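Here's the structure, in structure tokens; my notes come after.
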2 protein chains.
Amino acid sequence: MTGQEVGPLRFQIDFSQPLYEQILDQVRSAIAKGEIGLGDKMPSVRELAQELRMNPNTVMRAYQELERDGLTEKRRGQGTYVTSSPERVKQFRTALAAQYIEAFMAQMESLGLTWDDIEQYVNHKSAADKGGADQ
Amino acid sequence: MTGQEVGPLRFQIDFSQPLYEQILDQVRSAIAKGEIGLGDKMPSVRELAQELRMNPNTVMRAYQELERDGLTEKRRGQGTYVTSSPERVKQFRTALAAQYIEAFMAQMESLGLTWDDIEQYVNHKSAADKGGADQ
DNA sequence: ATACGTGTATTATATCACTTAATACACTTA
DNA sequence: TAAGTGTATTAAGTGATATAATACACGTAT
């Protein structure tokens, strides 16, 4: 909770994904990891658009989703600010993590792999081959 | 390894994803889980297209990717057959699992969550809240 | 040889998501 | 008043996806 302006955000933009989605993901990450302080002022839509050489509309789309996430708040005529509520951030992170995990588990299930198989893979980078489909 | 024709495949198609990708994922899954026997004959492009009420070109796109995966083989004038090699299937499953896992780990990292956090979530559906970003 | 069923290639068209562009408006602060 | 906010609108272009209508080469069965 610094209340300062957000530092110079280092964005890594490519063409593998929609641009607005990359902004969204990277700002989400920066907030979740505390790289952006709570209450900080985000760069303005036009400012960020110019820095990233994008259209302001594209940046705005990302900003609107951030507000839907509850991670930012708009103040008319003033700008966009990161939420001051650590609970909001926690809550958001938990919800998104749950979503990622569910999707991941579904992928694993579709390959006939169990949680034990996954743990084996993670613990020592070798055979995720063991369960299911032994023909 | 039955060598039979593949049974009536139950496809679940919606509009949340490209159609060819849904076919691809579901056939991959069916092979990985052994629901489709090795060496089985796949339905023809036109046949499946009619059953799913899609354009043959769309089905063909999925079939072409399946062959790139090494999961199917084409026999000219005859049809498309599931590979007879269990090693191929194993290899494919391992590779795809690794890809899924890497992507998932990156997602978790972007939220500042560790592997321990994930295990906690999976073991008992509760707080993935603990590590990182405690502001 | 003929007919049929394979996979494949081609060309054209349509739709949709994404992005850019150029404005204009309402609000806040200096 | 002037400058900087977020926002809305309209128009246009691009690329991925999907459909449609053909046509071709190959293998098998008749």
Side-chain angles (χ1 to χ4, degrees), chain A residues 3-6 9 11-27 31 36 39-84, chain B residues 3-6 9 11-27 31 36 39-84:
Chain A
Q4 307 284 315
E5 286 204 3
V6 103
L9 302 172
F11 286 94
Q12 303 281 348
I13 305 294
D14 55 37
F15 294 92
S16 65
Q17 245 181 333
L19 303 181
Y20 79 92
E21 212 168 299
Q22 299 184 47
I23 297 177
L24 185 58
D25 287 342
Q26 293 178 32
V27 174
I31 296 176
I36 293 182
D40 282 9
K41 183 176 188 298
M42 294 285 294
S44 79
V45 170
R46 289 173 179 85
E47 195 179 341
L48 185 55
Q50 186 177 18
E51 182 183 330
L52 299 181
R53 291 167 191 172
M54 291 182 195
N55 193 283
N57 295 334
T58 304
V59 175
M60 195 182 65
R61 180 160 180 185
Y63 274 27
Q64 285 177 333
E65 288 219 34
L66 283 172
E67 188 164 33
R68 266 183 253 147
D69 289 342
L71 292 180
T72 62
E73 298 159 1
K74 311 280 177 61
R75 304 185 195 156
R76 307 187 130 189
Q78 235 174 325
T80 300
Y81 293 79
V82 179
T83 179
S84 301
Chain B
Q4 308 285 316
E5 286 203 4
V6 105
L9 301 173
F11 285 94
Q12 303 280 350
I13 306 293
D14 55 38
F15 293 93
S16 65
Q17 245 182 332
L19 302 181
Y20 79 92
E21 211 168 300
Q22 300 184 47
I23 297 177
L24 184 60
D25 287 342
Q26 294 179 32
V27 174
I31 295 176
I36 293 182
D40 283 10
K41 185 177 185 296
M42 293 286 294
S44 79
V45 170
R46 289 174 180 82
E47 194 178 341
L48 185 54
Q50 185 176 18
E51 183 182 330
L52 299 183
R53 292 167 190 171
M54 290 181 197
N55 194 283
N57 295 336
T58 304
V59 175
M60 195 182 65
R61 181 161 178 185
Y63 274 28
Q64 285 178 331
E65 287 218 36
L66 283 172
E67 189 164 32
R68 266 183 253 147
D69 290 341
L71 292 180
T72 62
E73 297 159 1
K74 311 278 177 62
R75 303 186 195 156
R76 307 188 131 189
Q78 239 174 320
T80 300
Y81 293 79
V82 178
T83 180
S84 302

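Letters A, B, ... are given to chains in the order of the sequence lines, protein chains preceding strands, and every chain is numbered from 1. As the structure is a prediction and not an experimental result, all values here were calculated from the model.
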With sugar-phosphate meaning primed atoms plus P, OP1 and OP2, does R61(B) contact a base, only sugar-phosphate, or nothing at under 4.0 Å between heavy atoms?
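The answer is sugar-phosphate, as R61(B) gets under 4.0 Å only of primed atoms, P, OP1 or OP2.
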
Can you measure [X] atom [atom1] to [N] atom [atom2] for me and round it to whole angstrom units?
| X | N | atom1 | atom2 | result |
| --- | --- | --- | --- | --- |
| M60(B) | dG5(C) | CE | C1' | 16 Å |
| R68(B) | dG7(C) | CZ | P | 16 Å |
| Y20(A) | dT19(C) | OH | P | 7 Å |
| E21(A) | dC18(C) | CD | P | 7 Å |
| Q50(B) | dT6(C) | CD | P | 11 Å |
| K41(B) | dT6(C) | NZ | P | 6 Å |
| E73(B) | dT6(C) | CD | P | 18 Å |
| Y63(B) | dG7(C) | OH | C1' | 11 Å |

T80(B) side chain near dT6(C) phosphate (N/O to OP1/OP2, under 4.0 Å):
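Looking at the OP1 and OP2 atoms of dT6(C), neither is under 4.0 Å from any side-chain N or O of T80(B).
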
Can you measure from [atom1] ([X]) to [atom2] ([Y]) and round to the nearest 0.5 angstrom?
| X | Y | atom1 | atom2 | answer |
| --- | --- | --- | --- | --- |
| Y20(A) | M54(A) | OH | CE | 12.5 Å |
| I31(A) | L71(A) | CD1 | CG | 4.5 Å |
| T72(A) | Q64(A) | OG1 | CD | 10.0 Å |
| R68(B) | L24(B) | CZ | CG | 9.0 Å |

Suppose the criterion is side chain to side chain donor-acceptor pair (under 3.5 Å): which pairs have a residue in residues 44-54 of chain B, not counting sequence neighbours?
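Not a single pair qualifies under side chain to side chain donor-acceptor pair (under 3.5 Å).
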
Residue whose closest nucleotide on DNA chain C lies nearer the 5' end, R53(A) versus E47(B)
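Closer to the 5' end of DNA chain C: E47(B).
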
Between L19(A) and R46(A), just flag the one whose closest nucleotide in DNA chain C comes earlier from the 5' side.
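Nearest-nucleotide comparison on DNA chain C picks L19(A).
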
Side-chain heavy-atom pair Q26(B), L9(B) within 4.5 angstrom cut-off
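Counting from C-beta outward, Q26(B) and L9(B) never come under 4.5 Å.
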
L52(A), D14(A), V27(A) screened by side-chain contact (heavy atoms from CB on, under 4.5 Å) with Q22(A), the one that passes
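Of all the options given, the one that passes is D14(A).
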
Going 5' to 3' on DNA chain D, which nucleotide is the first and which the last to come under 4.0 Å of a heavy atom in chain B?
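Result: dT17(D) to dG27(D).
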
